[in-house]
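What's counted below: heavy atoms across the whole structure, side chains too, no hydrogens, waters or symmetry copies. This one's a predicted model, so the numbers in the text were calculated from it and none came from an experiment. First the proteins, then the strands, lettered A, B, ... as listed; each starts at 1.
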Number of protein chains: 4
Amino acid sequence: MIELAGFRNIVDQYKIIFFDAFGVLKNYNGLVPGIEKTFDYLASQNKEYYIVTNDASRSPQELAETYHKMGLKAITQDRIVSSGMLAKEYLDLKVNNGIVAYLGTNSSAHYIDSSGLHTLPVSAINYTNIDQVNALVLLDDEGFNWFDDLNKTINLLRKRTIPAIVANTDNTYPLSGNNEVAIAIGGIASMIESIVGKRFIRFGKPDSQLFMFAYDLIRARMDITKRDILMVGDTLHTDIIGANKFGLDTVLVLTGNTLPDDAEMRIRTTGIMPTFICNDAVVE
Amino acid sequence: MIELAGFRNIVDQYKIIFFDAFGVLKNYNGLVPGIEKTFDYLASQNKEYYIVTNDASRSPQELAETYHKMGLKAITQDRIVSSGMLAKEYLDLKVNNGIVAYLGTNSSAHYIDSSGLHTLPVSAINYTNIDQVNALVLLDDEGFNWFDDLNKTINLLRKRTIPAIVANTDNTYPLSGNNEVAIAIGGIASMIESIVGKRFIRFGKPDSQLFMFAYDLIRARMDITKRDILMVGDTLHTDIIGANKFGLDTVLVLTGNTLPDDAEMRIRTTGIMPTFICNDAVVE
Amino acid sequence: MIELAGFRNIVDQYKIIFFDAFGVLKNYNGLVPGIEKTFDYLASQNKEYYIVTNDASRSPQELAETYHKMGLKAITQDRIVSSGMLAKEYLDLKVNNGIVAYLGTNSSAHYIDSSGLHTLPVSAINYTNIDQVNALVLLDDEGFNWFDDLNKTINLLRKRTIPAIVANTDNTYPLSGNNEVAIAIGGIASMIESIVGKRFIRFGKPDSQLFMFAYDLIRARMDITKRDILMVGDTLHTDIIGANKFGLDTVLVLTGNTLPDDAEMRIRTTGIMPTFICNDAVVE
Amino acid sequence: MIELAGFRNIVDQYKIIFFDAFGVLKNYNGLVPGIEKTFDYLASQNKEYYIVTNDASRSPQELAETYHKMGLKAITQDRIVSSGMLAKEYLDLKVNNGIVAYLGTNSSAHYIDSSGLHTLPVSAINYTNIDQVNALVLLDDEGFNWFDDLNKTINLLRKRTIPAIVANTDNTYPLSGNNEVAIAIGGIASMIESIVGKRFIRFGKPDSQLFMFAYDLIRARMDITKRDILMVGDTLHTDIIGANKFGLDTVLVLTGNTLPDDAEMRIRTTGIMPTFICNDAVVE
């Protein structure tokens, strides 16, 4: 079995650190205790870092603000790479006109709206405008009536041959404090995809496109290779397998989805092996 | 390719006829035109018949009443075998006490209620009674708030190791007249099963247990073999493959899910072959 | 958690006992030590028993002989219900003429041969006889050249719209002594089914049809209900969930697939709950 | 429905053309008639092109030679981007020492061998060297004994927690002339993955990493964006959905997997929509 290692010693071997957000930097109680010291250390060592997250519910700016409110000023919007940004890039490149229907909050839609298309919630699609709908985007599990709008979504996809984009591949997300979870838009997307029998376009870890997006942002500013990057994550089947396949070294931390008692068994049964395992991503 | 055959000639070769309900006897416009003549003919020939249906939304008595209202008196409650009856048998045999939580209408729950257990909608489960919940039954897509109660269902199954019974395996059902569909409880069940990673117990075609249930009812009254029975259905992947595997001969009719233009292609691509194909189940 | 219980006390509550074979009565070292005492006890108490097994590699007579050679005379061929018997019943009822192509040993084919059809190994199918092939049966992982005959099978199923029957749903089986496994015909069947995109007909636990077959054999001789039967198995996702769904009470024993240390975790993660758990099926 | 368009007019709108190989440039009869004119035209217009192919059975040099033998000199090894190259990059980046076991021909292994690791066929793995195996690569369906070596592979993956890399995601490939197919290593990989329950690492379309690899090769030499690239393919669920998701415009050609009569139906049922449809990729 891989030995538990000190996070500082590992970080010292790389120029750029990618962090997953939930379970690594924060959890439902707020910031992981001591995590601000990690970013102080990265600054002192002139290391680059990015938050690479399957979160399409808000814009990078809004995501950054949530860290600032918790007292972590180091995470600015230009340091955040989210699956929502890939959805937006897709719409920019591939959908030229018409309506983009969405499932999610107004806030999540506001973000993709900037690409100049006309965004409308699924609830506002009707027989007068359905022929102009050229894409469907699934952004968030909140902001719509599940019974009405999921049934409406099924029938929209039966009538229109359009791309359906899922900007978050997670099935659930944790709720505060009590070990409960909520169904995420990724879980709902799988149900709809299976019912209509069409192929959806999914952005987010473990898919390598999100890592590539972050990699490209860095290469625009400095000359690096994949060997210079370390991915830090708490989830084997998204963070670790995704970064591993992209060619990055990885750290599994035990502050989120993977519990200390389960790590070894999960690695053995899934065959997904991180380069390192650490208790947490805190530089003491 | 199998030739289109006359339904009367086929029926003459069997003692007992099993009918699927939706797409064979009725559709969203009401009865299939002329279907009452089929039941007159069966009566004149002293042939037995059963309606074998994936419908757990109502009791056999209520299902029979819907036929009576449309003018088909031949379908009485003792002729109906539904997947809901299997769910009820399961609860009778395997769950001895405590609460059965359900998703569905009050009417659907009233039916399984008769087994003597305490049935409660998922919305009524809370920290005071969750430890007494000994089974979950998914009955109907209506009668509950999807957002609240599907999230509650996920967490119920994370906390309690209990059987989860799905009394309808269909993913969707057709809505009246406009070629639209609605998500059925079977589609919702697959999403929940996938999210919690547990194995659900499913009753309904194509599973052979529903055919066996009907077969047992008949054998209690008369001496027959599987060769005496003909299954009439409109859906290859439920009616036809299920009855076929159970050892029954089958008729595919083209008044429901399988359109005349698609039948040959669908049979070839799925490999599911009915014994006969007829335009409809009407004896002229 | 369910307490470990004594097997004798449990057996005393039922009239008929169904046993899985591998992992319950025997393993790769031979008989489970002391298991003959269980059958002495059943005889002394006038209890009925059946071996309910996913084994289509040999006839019930040949299977019985393997027990006799190991010294267990109580298991006679009329006590064995195998998934191969369901495959044979299917061919008897549903395939009237022509060639049945098979993958497996000659010995396995000899058994289904008795239904009067012409059985030929896939390797003997060629352009002169392919049009007469009316069914394909997958019986055993041995007795054919995988590369040649699996490729030939794919193309047979692309050319002929015929039923494909799988008489063993297991993916692997254990090899002697060294914790290694071999790929079973059920695992190969899933690959072929996925590649050709057609629906195969599978016989064997957890499907309820095998339990029904055994139940019918008993009811032909005595008057019983499902409450009188206990299923004893070592595998949650075949023996336990299958019997449970059919309405039988179940014992999980820890002499096979489910190790003592894993039982509780596996029950919790799969949601498949046996009525009882025992160390083994030995009546001391 | 999208109108059939002239290939030349489409090509004129882009700077770089990506071509799938089989079904676009060649088929089992040799080159697609007239395809050499396309490359003459691209040269005359100073357009760049790459062959982007799910082929790990040979090195780019050997692949290029097969085109030269057929008379197409324009395809040189530096123009070929294959899924085998991604497998090789993965081994270079992520596996530092020890043995790489493989399934495939010696020729396919020779290619990945260059990364300095010790490559051995699965047949050569035994108890003396199994502890040094640090990766498994599935390269080709030929070059090994399926029965012996697939069973050996299963047990290797049960004993060693190592990455398993699949360098070709296709399930089947066409055989010459007679409408028959052969099982590809991608189909075998899915069976093994399902049996051992571990997550394999797959390289090849539709995964975006192959498109990214090609994109990076071009950007090292010239300044382009995704809008400058056109992907030409014959398969909706690999070429078209993959390039589309990566943000490229696409042409579906009807000289391979997608037949002219099926194109519209397949696009509608899968929801995968190309930017253009052409009869072939020939510039007249």
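- A:Arg199 approaches D:His237 most closely through the heavy-atom pair NH2-O, 3.5 Å.
- If you measure heavy-atom distances from A:Phe211 to chain D, you find no contacts under 4.5 Å at all.
- Distance OG/D:Ser208 to CZ/A:Phe213: 12.5 Å, rounded to 0.5 Å.
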Could you please spell out the steps behind the side-chain contact (heavy atoms from CB on, under 4.5 Å) verdict for D:Arg219 and A:Asp216?
CA-CA 11 Å; D:Arg219 287 193 295 174; A:Asp216 266 4; 3.0 Å; yes

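- Closest non-hydrogen pair, A:Thr161 versus D:Ile267, comes out as CG2-O, 3.7 Å.
- Interface check for chain A: of the options D:Asp249, D:Ile272, D:Leu236, the most heavy-atom pairs under 4.5 Å are formed by D:Asp249.
- Put simply, the residue from A:Lys245, A:Met212, A:Gln209 that forms a side chain to side chain contact (heavy atoms under 4.5 Å, CB included) with D:Gln209 is A:Lys245.
- Atoms CD1 and CZ, from D:Ile201 and A:Phe246 in turn, are 13.5 Å apart once rounded to the nearest 0.5 Å.
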Verdict with supporting geometry, A:Lys226 and D:Asp92, salt bridge (charged side-chain N to carboxylate O under 4.0 Å, His left out)
CA-CA 11 Å; A:Lys226 291 181 179 178; D:Asp92 286 343; over 6 Å; no

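- For A:Arg202, the part lying under 4.5 angstrom from a heavy atom of chain D is the backbone only.
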Test log, rule side-chain contact (heavy atoms from CB on, under 4.5 Å), inputs A:Arg268 and D:Arg158:
CA-CA 9 Å; A:Arg268 207 177 55 240; D:Arg158 286 164 52 94; over 6 Å; no

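- A donor-acceptor contact shorter than 3.5 Å is absent between the side chain of D:Lys198 and the backbone of A:Thr269.
- Using a 4.5 Å cut-off between heavy atoms, D:Leu248 touches chain A through its backbone atoms (N, CA, C, O) alone.
- In this structure, chain D has no heavy atom under 4.5 Å from any part of A:Leu86.
- The part of A:Asp207 that comes within reach of chain D is its side chain, from C-beta onward, which places non-hydrogen atoms under 4.5 angstrom from that chain.
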